[in-house]
Amino acid sequence: MTSNEKFSTADFISAFLVRFKIPLILTGVLIIVALIGVAVSAVVIQNATEANAAVAEEIADAYAEWVSAGEEDKAEAESVLTAAIEKGKAEKQSSYAFVRAVLSESQMAETKGDQEGALAALSVLKEMKAVSLYLIPIALHRAAVLAEDLKQPSEALTYYRSIEKNYAKSYFNMDRVYYNIARLEETLGNTDAAKTAYRLLIETAGNKEVDSPLVSVAKDRLIYLESADLDNQEEAPNEETVAAE
């Protein structure tokens, strides 16, 4: 090969760029468009998050104003709060503003003595898929308490079970939730489910630095239920004896 046939690196790169100019340009354009899209998306998400937080803050402020309002200002404060709640409920269901709106609506109804309305407001949260918002298990716990106050133990149990299903790893009050599940299951005659919940309470509380006062109660109830099972087994007639009779 002569010296004229030899290509330098610069010549090779130049030939490559000429040959693949259009594909390279298109690839560059696509990369730039993608980067712009990511940047725009991040800005949109940030703006939406800030707007949602602003709505939640508006609801919290309106609720505080309504609670502290005097008789002459109560009606106007309630109108402002109701409008803020509706604004929050128009947001995405998994958002902080939506949950804050639902909880505030329930609190307003409960303050006015309408426990059924308070529970109905929270019912939308029961079927909501797990969302990392600390307010949801708190609201579900309150709904369970309201259901019990309204003599609806089965309904209360569904709220506690919803917390167990979706927020067991994050909710700070799971020992109380497990205790109430066990207590309600026991009341409803579901002793196996009650024993399982008592065991979960003991296990959960054992992972905490501070002992839960419910642990001793759970241990006592567990011993009682297991002893009752043994007594029932001993009292049950033997199948061979029954056949002989």
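- Hydrophobic clustering of Ile, Leu, Val, Met, Phe, Trp and Tyr side chains at less than 4.5 Å, counting indirect connections, keeps Ile85 apart from Val99.
- Checked against side-chain hydrogen bond (donor to acceptor under 3.5 Å, both in side chains), Tyr160 has the following partners two or more places apart in sequence or in another chain: Asn180.
- Qualifying salt bridge (charged side-chain N to carboxylate O under 4.0 Å, His left out) partners for Arg176, counting only residues two or more places apart in sequence or in other chains: none.
- Among residues two or more places apart in sequence or in another chain, the side chain to side chain contact (heavy atoms under 4.5 Å, CB included) test is passed with Asp149 by Gln115, Val145.
- Rounding to the nearest 0.5 angstrom, the gap separating the OH atom in Tyr171 from the OG1 atom in Thr204 is 13.5 Å.
- Not counting sequence neighbours, the partners of Ile223 by the side chain to side chain contact (heavy atoms under 4.5 Å, CB included) test are Ser227.
- Partners of Glu185 according to the side-chain hydrogen bond (donor to acceptor under 3.5 Å, both in side chains) rule, which considers only residues two or more places apart in sequence or in another chain, are Arg161, Asn190.
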Show which side-chain atoms of residues 58-71 pair as donor or acceptor with protein atoms under 3.5 Å away, not counting sequence neighbours.
residue: Glu58; atom: OE1; partner: Lys87; partner atom: NZ; Å: 3.1
residue: Ser68; atom: OG; partner: Ala64; partner atom: O; Å: 2.9
residue: Ser68; atom: OG; partner: Glu65; partner atom: O; Å: 3.4

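- By the side chain to side chain contact (heavy atoms under 4.5 Å, CB included) test, Glu76 pairs with no residue at all, sequence neighbours left out.
- Take Ser95 and apply the side-chain hydrogen bond (donor to acceptor under 3.5 Å, both in side chains) test, not counting sequence neighbours, and it matches Asn52.
- Residues passing the salt bridge (charged side-chain N to carboxylate O under 4.0 Å, His left out) test with Glu86, sequence neighbours excluded: none.
- When the side chain to side chain contact (heavy atoms under 4.5 Å, CB included) test is applied to Ala147, the partners found at least two apart in sequence or on another chain are Leu119, Gln152, Glu155, Ala156.
- Residue pairs meeting the salt bridge (charged side-chain N to carboxylate O under 4.0 Å, His left out) criterion with at least one member in residues 105-114, sequence neighbours excluded: Glu78-Lys112, Lys89-Glu105, Glu110-Arg142.
- Shown here are the ring pair (Phe, Tyr, Trp, His ring centres under 6.0 Å) partners of Tyr96, two or more places apart in sequence or in another chain: there are none.
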